[in-house]
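See structure below.
Since the model is a prediction, treat every value here as computed from it, not as a measurement. Residue numbers count from 1 along this sequence. Heavy atoms only: backbone and side chains are in, while hydrogens, waters and symmetry mates are out.
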Amino acid sequence: MEPTVSSVPSVDYLRAASSPEFRLLRRRQRRFIFPLAAAFLVWYLAYVICAVSAPAFMAISVWGHLNIGLLWGLAQFVSTFGITAGYVVYANRRLDPLARNLRADLDAEARA
């Protein structure tokens, strides 16, 4: 049986979004995401710029048929997975506890 509109607890989302706990959660998230996103974009653009402007450098053989360009391109994938794994660890330790507390507070307030 679906809940009726009157049985669904209401939450003041605007007040929740302006709470110190929510602002702390957003600040912690942004402190991780923005610097890492900027660093990754610089890393990626450096790869593209080198591929276009320094093909001789990118063609330098490292081992057999593996050259700098290929290894650098593969490192792009590795760094993406590394950033993702780092964010998961960071979120589990620093963001999720805050989010759980905030949700519990909102649930308790909605039930009251």
Side-chain angles (χ1 to χ4, degrees):
M1 181 161 126
E2 289 187 42
T4 63
V5 174
S6 62
S7 69
V8 176
S10 65
V11 175
D12 184 357
Y13 290 104
L14 293 177
R15 190 177 63 70
S18 64
S19 71
E21 296 85 6
F22 187 78
R23 287 193 310 242
L24 176 62
L25 178 65
R26 294 282 309 257
R27 189 170 41 250
R28 283 186 182 178
Q29 181 188 35
R30 288 177 178 160
R31 280 187 190 159
F32 185 90
I33 290 174
F34 290 149
L36 221 50
F40 182 80
L41 286 174
V42 168
W43 160 247
Y44 178 73
L45 287 174
Y47 170 70
V48 172
I49 289 169
C50 282
V52 170
S53 63
F57 169 72
M58 297 295 268
I60 294 173
S61 179
V62 175
W63 184 63
H65 293 292
L66 290 175
N67 59 30
I68 290 175
L70 181 59
L71 292 176
W72 196 351
L74 292 172
Q76 296 290 319
F77 289 103
V78 173
S79 64
T80 300
F81 291 121
I83 289 169
T84 302
Y87 180 76
V88 168
V89 169
Y90 179 79
N92 286 339
R93 290 185 184 164
R94 305 277 294 163
L95 301 178
D96 290 349
L98 283 175
R100 275 192 297 275
N101 291 342
L102 185 59
R103 181 175 180 156
D105 291 346
L106 291 174
D107 286 345
E109 178 183 303
R111 287 188 178 94

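- In the hydrophobic clustering of ILVMFWY residues, with side-chain heavy atoms under 4.5 Å counting as a link, W43 and F34 come out together.
- The line from CG of L98 to CD of Q29 is 11.5 Å long, rounded to the nearest 0.5 Å.
- Taken to the nearest 0.5 Å, the CZ atom of F22 stands 7.0 Å off from the CG atom of L102.
- Between the CG atom in L66 and the CD1 atom in I60 there is a gap of 14.0 Å [rounded to 0.5 Å].
- Cluster membership check: V78 does not share its hydrophobic cluster with L36, using side-chain heavy-atom separations under 4.5 Å among Ile, Leu, Val, Met, Phe, Trp and Tyr.
- When all heavy atoms are compared, the tightest approach of A16 to L106 is CB-CD2, 3.6 Å.
- Residues P97 and A91 share a closest heavy-atom pair of CD-O, 4.2 Å.
- Between the OG atom of S19 and the CG atom of L14 there is a distance of 11.5 Å, given to the nearest 0.5 Å.
- Both L24 and I33 are assigned to one and the same hydrophobic cluster, defined by single-linkage of ILVMFWY side chains at heavy-atom distances under 4.5 Å.
- Clustering ILVMFWY residues whenever any of their side-chain heavy atoms sit less than 4.5 angstrom apart, transitively, puts I83 in a cluster other than the one holding L41.
- Here the CZ atom belonging to R31 is positioned 8.5 Å from the CZ atom belonging to R94, to the nearest 0.5 angstrom.
- Ring geometry for Y47 versus W72: interplanar angle over 60°, hence perpendicular rather than tilted (30 to 60°).
- Put simply, the side chain of R111 reaches to within 4.5 Å of the side chain of D107, judged on heavy atoms.
- Under the 4.5 Å side-chain contact rule for hydrophobic residues, I68 and I49 do not share a cluster.
- L95 is listed as a side-chain neighbour of Y87, based on a closest heavy-atom distance under 4.5 Å.
- The line from CG of D96 to OH of Y90 is 11.0 Å long, rounded to the nearest 0.5 Å.
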